[in-house]
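Please read these numbers as outputs of a predicted model, since none were measured by experiment.
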There are 2 protein chains.
Amino acid sequence: MNQHKTEIKTELQNRLARFEEQCRAKGLRVTQQRREIFCAVAQSCEHPSAEKVFQAVRRAMPNVSLDTVYRTLASLEEMDLLMRVGLSSKARFDGDLRPHCHFVCTRCGEVYDIFPQPGEGPLPLPAGVQGMGEVKQVNLQLRGICKKCQQEHKA
Amino acid sequence: MNQHKTEIKTELQNRLARFEEQCRAKGLRVTQQRREIFCAVAQSCEHPSAEKVFQAVRRAMPNVSLDTVYRTLASLEEMDLLMRVGLSSKARFDGDLRPHCHFVCTRCGEVYDIFPQPGEGPLPLPAGVQGMGEVKQVNLQLRGICKKCQQEHKA
DNA sequence: ACTTTTATTAGGAATTATTATTAATAATAT
DNA sequence: ATATTATTAATAATAATTCCTAATAAAAGT
């Protein structure tokens, strides 16, 4: 393994290296299934659903189970190797239509409102949205651990 | 119905009026069920799930069905009388961890990436998030109709 | 007020998404 | 190579959401 070889590593290989590193750091085994599932998401640019990932991985590993896909996607998210788009599982509704955003606690699932403070203007939209279509709603979601869960975890 | 009476209308009454107006505009009937479901969400500040709304509405209407709640929540969303927090139904994953946001088409469900343009800084976080907890992820979602669906709809 | 028309609903069945169970398998340490 | 033990496949179970159909009730017409 010489210096040159290292330099020409592809991006995917870098990410795979990070994947193995993270697994070892968390004491998780580097299984064939985990590797394939990670690659399937890392190589896709279409924000696949669990089912799509399952289908993609099945092409290389015909016996992989859907349960493994779900379990692995959750653990990859835990390791910050991929992210989940939107909120998980069940839908939640908000009758307050004033512009505001949400803090979602990833531990307890609670959703908190964040209203703009006096003098705080509206969120600036990213420039890249131009030409994509008509924006009807802006939804800023901050995810993390809420105060309450932080305290309970300490105890 | 005198002028004074109109002035002291509560906020909920205003919203109910808008609700009826919107229903009529869309040719939807103003049923008891729709009214109750709308009120349940409008009065709640806890971002209730469909199940929670169902439970709340059942107290006033013991025979309302869960299907009606789902159907009505969807139509209220359609009429912009409430909003859905996060993405609907199934989870989607993203292996690209560089900061970017998503344009979600509410017609076809497609998710598009929006990367920051050269020189564009990171999103400013709303000030109100201070003290809520530890933010681990920022998720800006723009919802609307994508170019492709706009064109198909014209045809 | 009474009928008619037709959207809407209740109730339950069906479907879809996700998670749990368990015996068998395979990754790592020894 | 062997032992240890996390992980997996397969399937069952659960949770979330949607579909189906006859009965009901809102709105419009009389």
Side-chain angles (χ1 to χ4, degrees), chain A residues 16 19-38 40-41 47-55 57-79 81-82 84-93 106 109 111, chain B residues 16 19-38 40-41 47-79 81-82 84-93 106 109:
Chain A
L16 264 170
F19 157 76
E20 301 207 359
E21 196 182 301
Q22 284 281 309
C23 282
R24 298 225 164 79
K26 296 255 179 181
L28 298 181
R29 292 180 180 172
V30 180
T31 65
Q32 209 57 39
Q33 289 87 337
R34 280 186 179 139
R35 212 192 316 262
E36 288 292 343
I37 291 165
F38 173 72
V41 179
H47 311 87
S49 61
E51 185 66 33
K52 287 281 183 197
V53 173
F54 175 63
Q55 286 164 14
V57 171
R58 279 235 143 181
R59 286 197 278 275
M61 299 185 75
N63 288 330
V64 79
S65 78
L66 190 52
D67 172 68
T68 297
V69 171
Y70 273 101
R71 225 177 338 96
T72 302
L73 287 171
S75 70
L76 291 173
E77 187 188 9
E78 190 72 24
M79 287 187 277
L81 290 164
L82 58 77
R84 193 181 288 261
V85 181
L87 211 59
S88 69
S89 62
K90 71 182 149 194
R92 302 281 293 261
F93 301 89
T106 54
V111 179
Chain B
L16 263 171
F19 157 76
E20 299 206 1
E21 194 183 303
Q22 284 281 309
C23 282
R24 298 227 163 78
K26 297 255 178 181
L28 299 182
R29 293 180 180 172
V30 180
T31 65
Q32 210 56 38
Q33 289 87 338
R34 280 186 180 140
R35 214 192 315 262
E36 288 291 345
I37 291 164
F38 173 73
V41 179
H47 311 88
S49 62
E51 184 65 31
K52 286 279 183 201
V53 173
F54 177 63
Q55 286 165 13
V57 172
R58 279 234 144 183
R59 287 197 277 275
M61 300 186 73
N63 289 330
V64 79
S65 78
L66 192 50
D67 174 66
T68 296
V69 171
Y70 274 101
R71 225 176 339 96
T72 302
L73 287 172
S75 71
L76 291 173
E77 186 188 10
E78 191 72 23
M79 289 187 276
L81 290 165
L82 58 76
R84 194 181 287 262
V85 181
L87 212 58
S88 69
S89 61
K90 71 181 147 193
R92 302 279 294 261
F93 300 88
T106 53

Peer 1: Verify, without hydrogens or angle tests, whether R92(B) (side chain) and V85(A) (backbone) share a donor-acceptor contact under 3.5 angstrom.
Peer 2: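 No; judged by distance alone, with no hydrogens or angles, the pair does not exist.
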Peer 1: Rounded to whole Å, how long is the line connecting atom CZ of F54(B) with atom C1' of dA10(C)?
Peer 2: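 Rounded to whole Å, this separation is 10 Å.
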Peer 1: Considering only residues two or more places apart or on different chains, which pairs with a residue in residues 64-73 of chain B satisfy salt bridge (charged side-chain N to carboxylate O under 4.0 Å, His left out)?
Peer 2: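 Every salt bridge (charged side-chain N to carboxylate O under 4.0 Å, His left out) pair that includes a residue of residues 64-73 of chain B, provided the two are not neighbours, is D67(B)-R71(B).
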Peer 1: Rounded to the Å, how far apart are Q55(B) CD and dA15(D) C1'?
Peer 2: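 One finds 14 Å between C1' of dA15(D) and CD of Q55(B), rounded.
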Peer 1: Mind calculating the distance between CZ (F93(A)) and C1' (dT17(D)) to the nearest angstrom?
Peer 2: 10 Å
Peer 1: Is atom CD of Q55(A) surrounded by more than 12 heavy atoms (other residues, nucleotides or ligands) closer than 6.0 Å?
Peer 2: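 Check passes, neighbour count above 12.
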Peer 1: By a strict heavy-atom criterion of less than 4.0 Å, which residues belonging to residues 26-37 of chain B are in contact with DNA chain D?
Peer 2: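 DNA chain D contact set from residues 26-37 of chain B: R29(B), V30(B).
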Peer 1: Do the side chains of F38(B) and L82(B) get nearer than 4.5 Å, heavy atoms only?
Peer 2: no
Peer 1: Going from OG1 on T31(B) to CE on M61(B), what distance comes out if it is rounded to the nearest 0.5 angstrom?
Peer 2: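 So the OG1 of T31(B) and the CE of M61(B) are separated by 7.5 Å.
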Peer 1: What is the distance, to the nearest angstrom, from the NZ atom on K52(B) to the P atom on dA15(D)?
Peer 2: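 Value for this atom pair: 14 Å.
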Peer 1: Is there a side chain to side chain contact (heavy atoms under 4.5 Å, CB included) between L66(A) and E51(A)? Walk through the geometry before answering.
Peer 2: CA-CA 8 Å; L66(A) 190 52; E51(A) 185 66 33; 4.0 Å; yes
Peer 1: Where is the tightest heavy-atom contact between E36(A) and A60(A), given as atom of each residue plus distance?
Peer 2: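 Smallest heavy-atom distance, with atoms named: OE1-CB, 3.8 Å.
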Peer 1: Let's see if you get this right: which residues in residues 67-76 of chain B place a heavy atom under 4.0 Å from DNA chain D?
Peer 2: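 Within residues 67-76 of chain B, the residues near DNA chain D are D67(B), Y70(B).
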Peer 1: Hey, what are the protein-to-nucleotides 1-3 of chain D N/O distances that come in under 3.5 Å?
Peer 2:
none

Peer 1: Can you name the nearest heavy-atom pair linking V69(B) to I37(B), along with the distance?
Peer 2: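 Nearest heavy atoms, V69(B) then I37(B): CA-CD1, 3.8 Å.
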Peer 1: Could you work out, with salt bridge (Lys or Arg N to Asp or Glu O under 4.0 Å) as the rule, every residue matching E77(A), not counting sequence neighbours?
Peer 2: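 E77(A): salt bridge (Lys or Arg N to Asp or Glu O under 4.0 Å) contacts with R84(A), R143(A).
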Peer 1: If I take atom CD in residue E20(A) and atom C1' in nucleotide dT28(C), what distance separates them, rounded to the nearest angstrom?
Peer 2: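 Between C1' of dT28(C) and CD of E20(A): 13 Å.
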Peer 1: Return the angle between end axes of the helix from dA1(C)-dT30(D) to dT30(C)-dA1(D), with five pairs used per end and rounding to 10°.
Peer 2: 40°
Peer 1: Name the residue closer to the 5' end of DNA chain C, choosing between L66(A) and R58(B) according to the nucleotide with the nearest heavy atom.
Peer 2: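 Between the two, 5'-proximity favours R58(B).
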Peer 1: Tell me every residue that passes ring-ring contact (aromatic ring centres under 6.0 Å, His included) with F93(A), counting only those two or more places apart in sequence or in another chain.
Peer 2: none
Peer 1: Which pairs pass side-chain hydrogen bond (donor to acceptor under 3.5 Å, both in side chains) with one or both residues in residues 19-30 of chain B, sequence neighbours excluded?
Peer 2: E20(B)-R35(B)
Peer 1: Please list all pairs passing the salt bridge (charged side-chain N to carboxylate O under 4.0 Å, His left out) test where one or both residues lie in residues 52-62 of chain B, with sequence neighbours left out.
Peer 2: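 Salt bridge (charged side-chain N to carboxylate O under 4.0 Å, His left out) check on residues 52-62 of chain B returns no pairs.
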Peer 1: ring-ring contact (aromatic ring centres under 6.0 Å, His included) with F54(B): which residues, sequence neighbours excluded?
Peer 2: none
Peer 1: Using whole Å, report how far CG of N63(B) lies from C1' of dA23(D).
Peer 2: 13 Å
Peer 1: Tell me: CZ of R24(A) to P of dT7(D), nearest whole Å?
Peer 2: 13 Å
